[in-house]
Every structure is written in C-alpha cells, then in structure tokens.
Amino acid sequence: MRKILLIPLILMGCSMIPGGGQKDPVVSSRGSVCGDPSIKGEIVGELPGPGGCGIQAAVRVRRIGGIALSQPSVMECNTARTLKGWIDRDMIPAVGKTGGGATALRVPAHYACRTRNHRPGARLSEHARGKAIDIAAIQLADGSEISVLNDWGRGKHGRILRKLHGAACGPFGTVLGPNSDRHHQDHFHFDTAEHGYGPYCR
C-alpha cells in the first residue's frame with residue numbers, strides 16, 4: 001500500500017520542488033500555471049516562430065494573486081514567476097492603500113515576434129522569446145491609475161513608480177523606463193534576459 005501511495009508523490013515532485021519543472025508548466029485543477037497556485041492562466045505549450053522567435057513551453061497568464069493583467073499575456077514560466085515576485089514583494093507594498101490599493105496591471109505588450117523597438121535589422125527583442133512584459137500603468141480600486149506616461153517624475157505616484165523601477169532591477173535582467181529612450185516614455189519594459197555582466201537598468 002505504501003508503494004502505491006508513493007508513486008503519485010514522486011510524479012508530483014518535479015512541479016513541487018522549487019526550481020523544478022521550469023521547462024514543463026503545470027496546470028492545476030483550478031487553472032493555475034507554472035506550478036504556482038497564484039499564477040492563473042492556461043498552458044499554450046510549444047510556440048514556434050520564425051528566425052529565433054518562439055517559446056519552448058509557453059503559458060498565457062491572466063492574473064497573479066489578486067492582480068489582474070489587462071490582457072492575457074503569453075510568456076515562459078521563469079518570467080511569470082519573476083513578475084509574481086515583483087508584484088508580491090514590491091508593487092503591492094509600495095502602492096499600499098493609494099487609491100484603495102492595486103487591482104490590475106495595464107499591459108500594452110507581451111509575446112510578439114519582433115526586433116527591439118520594432119527597428120528593421122535590429123536584434124530580436126526578448127518579447128520574441130516570451131521573456132518580456134511591458135507595464136504602462138497600475139490600476140487602482142477607485143478606478144484611477146498610476147501611469148508611467150502621466151506620473152513619472154510627478155508627486156507621490158511618481159515616487160512609487162521610481163521605487164518600483166528600481167526594485168525590478170536585479171530580479172529582472174533588463175529594466176527600461178522613461179529615462180532610457182523615447183521608446184519607453186509611456187511604459188516599463190521588464191525582461192529576464194541574462195546579460196552575463198549583471199542587470200541592465202535605465
């Protein structure tokens with residue numbers, strides 16, 4: 001009897017051990033992905049693309065904990081987990097009770113087979129590998145939002161955004177915002193690229 005009971009536990013091990021099964025997203029009976037019950041969505045699976053685009057094991061994320069994404073966002077699991085860490089550890093505490101608290105992230109871009117900043121001949125963006133997500137605003141319970149375009153460098157909301165930009169640097173390999181270039185005036189770009197020399201944050 002003990003041998004029979006051990007078999008399911010062994011099979012579950014890859015998704016339950018931290019860091020295990022990262023290339024094999026797990027969906028629970030309640031619609032969770034990446035082996036984390038708070039990351040809600042569904043498996044997409046292998047997502048091939050031309051010229052280096054594509055994701056080996058993609059998921060479509062709709063909600064992380066109590067925070068909804070404004071559009072279902074396709075990515076790989078390491079990126080989903082890194083986003084979850086930033087939301088739980090940094091965003092929710094930084095926003096606090098402002099506007100009744102954070103309820104959602106406004107996401108203008110996730111997976112897309114394209115070059116960096118859509119420039120012809122440029123290197124592939126991390127968006128093309130499912131390792132990037134763009135965040136334009138934090139939506140609040142009272143219907144207002146903390147907007148990168150409108151609030152960066154301005155008052156309390158601007159201080160929150162600057163704190164969150166800084167906190168993302170390290171967990172994410174690349175963090176870009178309004179101070180980086182004209183392409184990021186209205187959003188944060190977060191990706192999980194490994195540069196080999198530490199994170200790149202501007």
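The basis for the numbers below is simple: all heavy atoms, side chains too, and nothing from hydrogens, waters or symmetry mates. All figures in this text were calculated on a predicted structure; none of them were measured in a lab.
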**Message:** Is there a side-chain hydrogen bond (donor to acceptor under 3.5 Å, both in side chains) between His189 and Ser125? Walk through the geometry before answering.
**Reply:** CA-CA 11 Å; His189 167 94; Ser125 168; 5.5 Å; no
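- A salt bridge links Glu145 with Arg106: the closest approach of a Lys/Arg side-chain nitrogen to an acidic carboxylate oxygen falls below 4.0 angstrom.
- No side-chain heavy atom of Tyr200 sits under 4.5 Å from any side-chain heavy atom of Cys169.
- Taking every heavy atom of both residues into account, Leu47 and Val74 meet most closely at CD2-CG1, 4.0 Å.
- Note: Phe190 and Trp86 meet the aromatic proximity criterion, with ring centroids under 6.0 Å apart.
- Both Val95 and Leu105 belong to a single network of hydrophobic side chains, linked directly or stepwise wherever heavy atoms of I, L, V, M, F, W or Y lie under 4.5 Å apart.
- Side-chain atoms of Asp181 come within 3.5 Å of backbone atoms of His184 as a donor-acceptor pair (strictly under, hydrogens ignored).
- A donor-acceptor pair under 3.5 Å links the side-chain atoms of Gln71 to the main chain of Val107, judged by distance alone.
- Within the 3.5 Å criterion, the main-chain N or O of Thr115 finds no donor-acceptor partner in the side chain of Arg119.
- Remark: the Asp134 side chain and the His127 side chain contain an N/O donor-acceptor pair separated by less than 3.5 Å.
- Taking CD1 of Ile64 as the start and OG of Ser73 as the end, the distance is 8.5 Å to the nearest 0.5 Å.
- Looking only at distances, no side-chain donor or acceptor of Lys131 sits under 3.5 Å from a matching main-chain atom of Ala128.
- Taking 4.5 Å as the limit, some side-chain heavy atom of Val61 sits within range of a side-chain heavy atom of Met75.
- Note on Leu176: it does not cluster hydrophobically with Leu124, by side-chain heavy-atom contacts below 4.5 Å among ILVMFWY residues.
- Proximity of Ile138 to Ile67: side-chain heavy atoms (C-beta onward) are nowhere separated by under 4.5 Å.
- Residues Ile55 and Glu76 are in side-chain contact: their nearest non-hydrogen atoms beyond the backbone lie under 4.5 Å apart.
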**Request:** Could you walk me through whether His157 and Asn150 pass the side chain to side chain contact (heavy atoms under 4.5 Å, CB included) test, one step at a time?
**Result:** CA-CA 9 Å; His157 286 187; Asn150 297 322; over 6 Å; no
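- The side-chain heavy atoms of Lys84 and Ile87, taken from C-beta on, include no pair separated by under 4.5 Å.
- Atom CE in Met91 sits 10.5 Å away from atom CD1 in Ile160 (nearest 0.5 Å).
- His183 and Asp186 make their closest contact through O-OD1, 4.4 Å (heavy atoms, listed as atom of the first residue, atom of the second, distance).
- A pairwise comparison of heavy atoms in Ile39 and Cys34 identifies CD1-CB, 4.4 Å as the closest pair.
- One N or O on the side chain of Thr103 and one on the backbone of Gln139 form a donor-acceptor pair closer than 3.5 Å.
- Val148 and Leu69 fall within the same hydrophobic cluster, defined by Ile, Leu, Val, Met, Phe, Trp and Tyr side-chain heavy atoms under 4.5 Å apart, directly or through other members.
- One finds a salt bridge joining Arg62 and Glu42 here, because a Lys/Arg side-chain nitrogen approaches an Asp/Glu carboxylate oxygen to under 4.0 Å.
- For the pair Thr98 and Lys156, the minimum side-chain heavy-atom distance is below 4.5 Å.
- Looking only at distances, no side-chain donor or acceptor of Arg182 sits under 3.5 Å from a matching main-chain atom of Gln185.
- For His165, the ring pair (Phe, Tyr, Trp, His ring centres under 6.0 Å) partners two or more places apart in sequence, or in a different chain, are Trp152, Phe188.
- Taking 4.5 Å as the limit, every side-chain heavy atom of Leu164 sits out of range of all side-chain heavy atoms of Ile146.
- Proximity of a side-chain donor or acceptor of Glu126 to a complementary backbone N or O of Arg129 within less than 3.5 Å is not detected.
- Between the side chain of Ser70 and the backbone N or O of Ala68, no donor-acceptor pair lies under 3.5 Å.
- Heavy atoms only, all atoms of each residue included: Tyr111 and Gly54 are closest at OH-N, 3.4 Å.
- In terms of heavy atoms, Leu83 sits closest to Ile135 at CD1-CD1, 4.2 Å.
- For the pair Ser32 and Ser38, the minimum side-chain heavy-atom distance is 4.5 Å or more.
- Under the 3.5 Å distance criterion, with hydrogens and angles disregarded, no donor-acceptor pair is assigned to the side chains of Thr82 and Thr192.
- The minimum heavy-atom distance linking His187 with Pro108 is given by the pair CB-CG, 4.4 Å.
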